[in-house]
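Before any comments, here is the structure.
Remember, it's a predicted structure, so these values are computed and weren't measured experimentally. Atoms within each ligand, like the ligands themselves, are counted from 1 in listed order.
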Amino acid sequence: MRVTEHVHSLLLHFEIEMPGGARIPCFVPAYVIDTERLTLVDTGVKSSADVIFRYIESLGRRPEDIDLVIHTHGHFDHIGDMRAKNTSGSVKVEGVLEEGVKIDLGGGAGIEVLHTPGHSPGSVSLFMPGEGALFCGDVLPEPGVLPIYEDVRQTLESLDKLRALRGAEILLSKLSDQIWRGENVAGHIDAGEAYLRRIDALVRRAGAEIGEGATVKDIGARVFSELGLPGAGLIPIVLTSIAAHLALKPALESTPG
Ligand SMILES: [Zn+2]
């Protein structure tokens, strides 16, 4: 769907197969920026290319026109189908993005890079000032969604950086299937931060209640039950988030401050 004059969002659906054979339905958005330089922001999972190609054709352009592919970070559900860039063989990484880099998309359009670690050390967010569009990748914890971050303090600092950005009118967060506009942009960043702080408080309470010998998994199970999240979601990357809370001293305040 078209989000702004040049930005389009595609919701890509896939399943994760768990060790016991259960299949968990998931989604991840990918973005097409239809400017002089046809650009993709993240490319979904393996097998997403056909959906992305069909969408590009519906815009009257060709997959071969893709000039630039930008990844917000290196997780499998964002880089899975680099075939979207090159229909045969592997793809060479042409550059590493850093804070403050500006990318020219032609026709007066451009992207500014913000380093927003926390979800992963190298996560970046992208801002298109001309459209007011902010792509925050996976850095914003999404209420009701599995918590995935490696560093709690860095996540909070990154959220502060996003909140301080002037002119962000549209928030494209990859952990959500919704798009946030206007004053809801700041409101949704606040909601993500409140969720992170709530998890911090629950992790500490669970640790105290279970007591001596509590494992990260024990604590995670109790926190998940409080949050109403499925126990099957306690995958290793989520246990990393629980461990990140345990490593944080002192505890966070429970309300954004
Ligand atoms: Zn990720």
Taking the side chain as every heavy atom from C-beta outward, state whether T39 and V32 have any pair of such atoms under 4.5 Å apart. no
All salt bridge (charged side-chain N to carboxylate O under 4.0 Å, His left out) counterparts of K161, not counting sequence neighbours: E99
H119 NE2 and H75 ND1 subtending at the Zn ion (ligand 1) (10° steps): 90°
Donor-acceptor contact below 3.5 Å, side chain D34 vs main chain L59: no
Atom name of the N, O or S atom of D138 nearest to the Zn ion (ligand 1) is OD2
Would you say E193 and L156 make side-chain contact, with heavy atoms under 4.5 Å? yes
Restricting to N, O or S, what is the name of the atom of H73 that lies nearest the Zn ion (ligand 1)? NE2
